[in-house]
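Positions are given from 1, in the same order as the sequence printed here.
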Amino acid sequence: MVWTGTWVSDRLGIELAGDDELRGLLGLALRRNPKRAHLLVSGVLGKHVPQLPSVVHGHGVTLGRRVRALLGPEEAARAVVLGYAETATALGHAVADGLESAPYLHSTRRPVASVPSAGGFEESHSHATSHLLLPEDPAFFDRGGEAGRGPLVLVDDEFSTGNTVLNTLRDLHARHPRTHYVIVALVDMRAPGDADRLAAFAEETGARIDVVAHARGTVRLPDDVLARGLRLVEEQDGRTADPLVPCAPAVAPVRLELGWPAGLPDGGRHGFTPDHRDRLRQALPAMAARIVDGLGGPERAGRVLVLGFEELMYAPLVLAGALEEAGLDVRFSTTTRSPVLAVDDPGYAIRTRLAFPAHDDPADGPGERYAYNVAGGGFDTVLAVVDSAADTPALHAPGGLLAQLATAAPRVALAVVPAHTPAPRTPDRQEPPVLPAPLRGPDFSSYEPDDVGWLLQDLSAVRLEAPVEEREEAVQRGGAHYAESLPVEYQPTEEYQELYRDALAGSAARIARAVGTVTELVLAERSPRPVLVSLARAGTPVGVLMRRWARHRHGTELPHYAVSIVRGRGIDANALRWLAAHHDPADVVFVDGWTGKGAITRELADALAEFPGFDPEIAVLADPGSCVRTYGTREDFLIPSACLNSTVSGLISRTVLRDDLVGPHDYHGAKFYRELSGSDVSRDFVAAVEARFDEVADAVDQQVKEAASADRAPTWEGWAAVERISEEQGIHDVNLVKPGVGETTRVLLRRVPWKILARRGAGADLAHIRLLAEQRGVPVEERDNLPYTCVGLIHPRYTRGATGADGKAVGSA
C-alpha cells in the first residue's frame, strides 16, 4: 500500500524519521499557508481523513489510560484536561474519557460575552492563531481540593515545535501555577532543540513535565522547503481544479431530530464534567436509534459519513460510534478552517476538498471552510452534525456546506446539537457586546497578516480628509479636535523620496540596533512572552520590527496589535477590553516610535488608571525626551519611518475619534489607503532593517549589557526643554512645540508650521526637514545647545493663509 506522504516527500524532500508506527499514523499534504509548507495529516484523528469512529476514539482513550497509569490514582483524581481547538477537541475529550474522572475543557475561537476569559495564547504556525479559554466554572483550573492544584493534561494532535504548548504553559502557569504537567499527543515530532526549550521551562518553574505519545520521530525539512512548497502549491492550483466525483442529482437534506438531553453541553468549549459524560453515554443508544430510523434503516443508509463541524468534534464522534455499534458502515471526519491543497493521487493524504463559506458568523469575520476526502469516498449518506449557532441560512444557501455535500454523496442529512451558552455570572450587570477580532492585511493594511492585528474599525469609505489649513484653524479656535478629521495625505516629490531612500540606507543598521536593544530589554525585564501593543500608527512599524527581531533571534512568535490613543481623549477603552479578554494584561507592552516631550507617555499612564493590570510604561525605539526607561536609544536621530505617512505604516491613516462615527462599543477608526499601494514602502522598510539584524547582534548584546547596569530612570528633560522653548518663543502652549526629528516631520506634513529650530551641524538627519521647510516656506533657525536635533513650532496665532513666520501665505504644501 502506498504511503500517503510519498507525493510530498518525492517533490520536497520532506522525510519522517522515527518509530515504525509513524507512517501508519501520518501522511503528508501541502498547506496554503505562508508560515509552514507541510501538513502532517493524521489518519486516526478524524479531521481530514474519514476513519472508523472506534479507531478515532480508541486512540484517545488509550492515551488517557496511559496518563492515568503515569499519574497514579491519587493524582489522576485531581487532574484536569485541556485540548486544543480546532483539531484536537475530540482527541482531548477521548483522553479525558480514558482518565475517567477528569473534567475537560478545550480552547476556542468563538468568544462568548457572558464568559470571561481564563487565559489565551497564540498558535504561531496556524492560519487562525488566537485561542480563548472560556470555562463556565471560574475555578476550573484550580481543581484539586486541599491537596492543591492537580496535574494539568494538555492534549494536541501533534507535538511538533512545542511553541503552542509552551505559550499555553507560560500563560496558565502565571495564572494557576502547579507542580505537574502532562503533554499528550498522537505523535511527538519535536527536534532536540524543541525538547530543550520545554526542559528549560520545567527547570525555570520547578514543575515536572511528562510527555505521552503513541509514536515519536522528527520531520526532516530542506532549508528552502517553505519557498519550494509555496511554488508547488501555485503550480498545482494552476494545473488542476479540485476533483469531484460524479454523483446522483442532489436532493434536499433530511433533518434528523436527535433528542439531545436538555442542559447537556454540546462539547468542551465551556467545560465538560464526568457527570456530563455519564449523561451523554446513557442518551447515545436512543439518539443513534433515531438517526437510523430517520435514515430509513441500515440498508438504505448504506455507507455513512458523520461529518462534524470545526471545533464540534466530540458529539459527532460519539454519535458516529453509537451508529457503528448499531451495525452501520460508518466513518467520521469534520470540516476545518485549514486551507490545504488537494491532489488526487494515492500517495497524497488529501485527495479531494469541498470549499464553502463559513456559516456560524465567526468573530474573526467571514472566510472559506473545507471538507476533505468526502468527495470520492464512496459514501451513500453524509450526515452533517452542527451546533445550533451554525444552523444558519448560510449553511443551507447555494454554495453552502449542504449544497457542496450534495455534489459528493447521493444523500445528505442534517442533525443539530443545541449550542451550550453559559448563563452570565453577574446577571444584573449589562455586559458590552462582543468586540470584533483585529483587522489584518491584506484586507486592512499592507502588512503581512501575522505582523500586526489592528484593533480599529475601518472607516475607509468615509470622507475624513480636510486641508491642513482648515484643520489647524478649527483646532486652534476650539471648534474641533485634531482626531476628528484627517489631513490630506502628503504625496512626496521624487526629490523627497530620494532623501527617504538615502536616509533608510544610511540608518538601517542604527535602527536595527535600537530595535534589537529595546526588544531584548522587553524580553528580559517586562515579560518572557510579551504581547506587543503598538500605538497606531507611529509605533506600528516599530512593533512589527520588534516582533521580527524576537522571531529572528529567539524563534519566538510574539503577538502584536495596534491600538489608538488620542491626546486629550485617552486610549481606546474597547481595545483594552479586547486585549484583557484574550491576553494577560501583565504581558502587554505598549510600543511607540519615539518620545518627544512625553505627552503620550503621560496620556497613557492617566488612561490606564481605569484598567488595572496593564503596565503604563511605553517601550520606544528612541527616547530623546528621557521619558521612559525601556528604549533602544536616547539619541534624537532620523527614523526613516517618520519621513512618510501611511505609505510606510501599512497604508493606514492616523486614527480618528468622532462621536458620529465611533459609538460607545466601537473601536477608534482609521482608513486603509488602498489607492496608494503603488507608493507603499511599508514592507520594504521592515525588510531593509531586518536584513541588518545579524550584523548588529553583537552590538545589541553589548548595549543590553550596559543598559542593565545603567540608571535609566526618566528625567523628563524633554518636557522641561519644551516649556523653556515655549516661553522663549512667546508661544505659551507646550502643545504647539514638537521636539525631535519625528515630531518636527509631523509638523511639516500635517500641521501649519511656524518655524523650525535646528541644532547647528545636525547634518544628514535634517535633510528631509530642510526640504519640507523649503517647500512650505518655513524658516529654519540654527541654534547651539539645542537639547534635540530639531524642534518644530506650530503657528501659534493661526488664521487662514498664515503659514510662514511673517503670517503671509506661502507656496503649496
Self-check item: Pair His48-Asn373, side-chain hydrogen bond (donor to acceptor under 3.5 Å, both in side chains): steps then yes or no
Solution: CA-CA 7 Å; His48 302 88; Asn373 292 321; over 6 Å; no
Self-check item: Criterion salt bridge (Lys or Arg N to Asp or Glu O under 4.0 Å) on Arg110 and Asp387, from CA distance to verdict
Solution: CA-CA 13 Å; Arg110 183 188 289 178; Asp387 63 13; 2.9 Å; yes
Can you list everything that forms a salt bridge (charged side-chain N to carboxylate O under 4.0 Å, His left out) with [X]? Sequence neighbours excluded, please.
X: Arg220; answer: Glu15
X: Arg66; answer: none
X: Arg281; answer: none

Quiz item: Which is it for Glu448 and Arg440 under the salt bridge (Lys or Arg N to Asp or Glu O under 4.0 Å) test, yes or no, and what are the steps along the way?
Solution: CA-CA 8 Å; Glu448 295 284 353; Arg440 295 184 181 272; over 6 Å; no
Quiz item: Is it the case that His276 and Thr273 place a side-chain donor and acceptor less than 3.5 Å from each other?
Solution: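 Indeed, the side chains of His276 and Thr273 share at least one donor-acceptor pair under 3.5 Å.
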Quiz item: CG of Asp278: more than 12 outside heavy atoms within 6.0 angstrom?
Solution: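 Result for CG/Asp278: enclosed.
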Self-check item: Minimal non-hydrogen separation, Phe140 against Pro135, with atom names
Solution: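 For Phe140 versus Pro135, the nearest heavy atoms are CB-CB, 3.7 Å.
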Self-check item: Nearest non-hydrogen partners of Ala581 and Leu132, listed with the distance
Solution: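 Smallest heavy-atom distance, with atoms named: O-CD2, 4.0 Å.
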Quiz prompt | Asp210: side-chain hydrogen bond (donor to acceptor under 3.5 Å, both in side chains) partners, not counting sequence neighbours | solution =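 Counting only residues at least two positions away or on another chain, Asp210 forms a side-chain hydrogen bond (donor to acceptor under 3.5 Å, both in side chains) with His180, Arg208.
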Exercise. Determine, step by step, whether Arg351 and Asp344 satisfy the salt bridge (Lys or Arg N to Asp or Glu O under 4.0 Å) criterion, reporting the C-alpha distance in whole Å, the side-chain angles of both residues, the deciding distance to 0.1 Å, and the verdict.
Key: CA-CA 4 Å; Arg351 303 286 297 274; Asp344 193 13; 3.0 Å; yes
Exercise. Return each pair, listed once, that meets ring-ring contact (aromatic ring centres under 6.0 Å, His included) where at least one residue sits in residues 334-360; pairs must be two or more places apart or across chains.
Key: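 Every pair satisfying ring-ring contact (aromatic ring centres under 6.0 Å, His included) with a residue in residues 334-360: Trp7-Tyr348, Phe309-His359.
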Practice problem: Take the angle between the ring planes of Tyr104 and His93 and call it parallel below 30°, perpendicular above 60°, tilted in between. | Solution: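 It falls in the tilted class, 30° to 60°.
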Donor-acceptor pairs are to be reported for all side-chain atoms of residues 375-385 against protein atoms at under 3.5 Å, with residues two or more places apart or in another chain.
unit_1, atom_1, unit_2, atom_2, d
Asp380, OD2, Arg303, N, 2.7
Thr381, OG1, Ala301, O, 2.8

Quiz prompt | Sub-6.0 Å ring centroid separation between His106 and Tyr84 | solution =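 No; Tyr84 has its ring centre 6.0 Å or more from that of His106.
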Self-check item: CD-OG distance between Glu310 and Ser338, expressed to the nearest 0.5 angstrom
Solution: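 Spacing of CD (Glu310) from OG (Ser338) equals 11.0 Å.
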